[in-house]
Amino acid sequence: MGYLGEDIKKLGFGLMRLPQKDGVIDVEQTKQMVDMFLDAGFTYFDTAWAYEGSEEAIRQALVERYPRGAYQLATKNAAWINCKTREEATAQLKVSLERTGAGYFDFYLLHNLGEHRTKYFDDYDMWSWVQEQKKAGLVKHVGFSFHSTPEELEEILKAHPEMEFVQLQINYADWENPAVQSKGCYEVARKYGKPVIIMEPVKGGMLATPPEPVEKVLKEAEPESSAASWAVRFAADLDGIITVLSGMSSVEQMEDNLSYMKDFAGLTTAEKETLKKAQDELAKIPLIPCTTCNYCAKVCPMDIGISGSFMAMNYLTLYKSKDMAANQENWLVSGHGKKRANECIKCGKCEEACPQHIKIRDELEKVSEVFCK
């Protein structure tokens with residue numbers, strides 16, 4: 001029995017990126033993937049109220065086909081999405097129960113805390129509400145997923161010691177990344193004795209096709225292993241981990257994940273050295289040296305999303321995926337209520353405030369050319 005008394009292997013099935021057919025979730029392929037996953041001895045499934053079609057699909061592929069005790073099912077409450085009252089926020093649990101038909105959830109998460117989103121959970125006192133649902137038997141374990149700074153994570157854990165676990169974005173590319181601070185967040189969770197569920201170990205698929213110098217390091221070490229396998233193993237090797245979620249979209253991805261995680265017993269010294277080389281290669285790639293201190297944002301008269309724009313540009317440099325980078329730019333800028341790079345008036349106040357001495361106006365012009373046309 002592992003953390004929180006649950007018998008859970010180190011691989012979890014993330015249900016955000018299920019296979020599609022004609023623009024909708026392919027339930028038949030999902031059934032095949034569920035069968036493979038359970039047959040290999042894995043049991044943890046992760047969905048969310050906000051994942052369109054996912055809760056209904058897992059009802060058909062899992063809940064209606066297997067006894068309730070054969071798996072753990074997690075879902076999430078996003079009180080910050082279009083909820084104007086506490087009643088609207090708390091109603092998400094009832095909807096999730098209806099969609100999945102699961103009867104109860106083994107793990108229930110307050111979804112995507114950090115920045116302005118935490119306020120909704122505070123204002124609606126979702127903290128005490130979720131404890132009431134636990135007492136009522138509708139959820140077994142309560143925790144939260146988190147996207148922000150280690151400092152903010154520590155504030156939440158100090159205020160809410162009753163939370164049983166934390167779900168964090170952790171991968172070898174973001175481990176030392178000053179914008180994501182995977183390592184720092186992980187260390188705060190462990191400082192407060194919270195076991196961790198890992199999300200985005202393959203960084204939304206980006207580490208399945210990493211930059212060429214990184215891929216070269218990985219292939220030279222293990223020619224037969226996928227790049228994605230290195231990313232998942234890096235995460236699974238950490239201490240205090242409940243499980244590592246992999247958002248699988250095909251039978252082939254499921255086969256790959258099961259091939260190396262079924263008997264995973266930790267990284268060898270040689271494997272750790274290979275991953276360190278991969279991180280070193282990532283660090284050599286010339287990026288905008290933004291640390292997201294956001295001193296520039298404090299003085300920008302136009303409220304431009306400068307650090308978010310630079311993060312998106314760095315994604316493009318690293319992973320060559322304009323679609324993924326554009327999604328990042330949309331989320332990190334417009335999604336955070338900031339104005340886009342093309343609205344910069346070139347006053348220069350940002351450059352005076354920047355401790356990294358970035359030529360911000362020139363870089364924003366490049367961002368505008370790529371993302372704002």
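Note that these values count all heavy atoms, side chains included, but never hydrogens, waters or copies made by symmetry.
For residues 205-216, the salt bridge (charged side-chain N to carboxylate O under 4.0 Å, His left out) pairs, not counting sequence neighbours, are Lys216-Glu220. Within the structure, side-chain hydrogen bond (donor to acceptor under 3.5 Å, both in side chains) pairs that include any residue of residues 348-359 comprise Glu351-Arg361 (at least two apart or interchain). Applying the ring-ring contact (aromatic ring centres under 6.0 Å, His included) test to residues at least two apart or on different chains, the pairs with a partner in residues 166-196 are Trp175-Tyr186, Trp175-Phe234. Among residues at least two apart or in separate chains, side-chain hydrogen bond (donor to acceptor under 3.5 Å, both in side chains) pairs with a member in residues 68-80 are Thr43-Gln72, Asp46-Lys76, Tyr51-Lys76, Glu55-Thr75, Arg68-Asp106, Asn77-Tyr108.
The salt bridge (charged side-chain N to carboxylate O under 4.0 Å, His left out) test applied to Lys262 returns no partner, not counting sequence neighbours. Under the salt bridge (charged side-chain N to carboxylate O under 4.0 Å, His left out) criterion, Glu176 pairs with Lys183, not counting sequence neighbours.
Residue Lys31 qualifies as enclosed at atom NZ: its count of foreign heavy atoms under 6.0 Å is above 12. For Asn82, the CG atom counts as loosely surrounded, since its 6.0 Å shell holds 12 or fewer non-hydrogen atoms of other residues, nucleotides or ligands.
Side-chain contact, Arg233 with Ser229: a donor N or O sits under 3.5 Å from an acceptor N or O. Side-chain N/O atoms of Ser145 and Asn112 include no donor and acceptor closer than 3.5 Å. Neither side chain, Glu200 nor Asn171, offers a donor N or O lying under 3.5 Å from an acceptor on the other.
Rounded to the nearest 0.5 Å, atoms OH (Tyr260) and CD (Glu255) are 12.5 Å apart.
Distance alone, capped at 3.5 Å, is enough to place a donor-acceptor pair between the Ser259 side chain and the Asp256 backbone.
Taking the six-membered ring where tryptophan is involved, the planes of Phe45 and Phe13 are tilted, since the angle between them lies from 30° to 60°.
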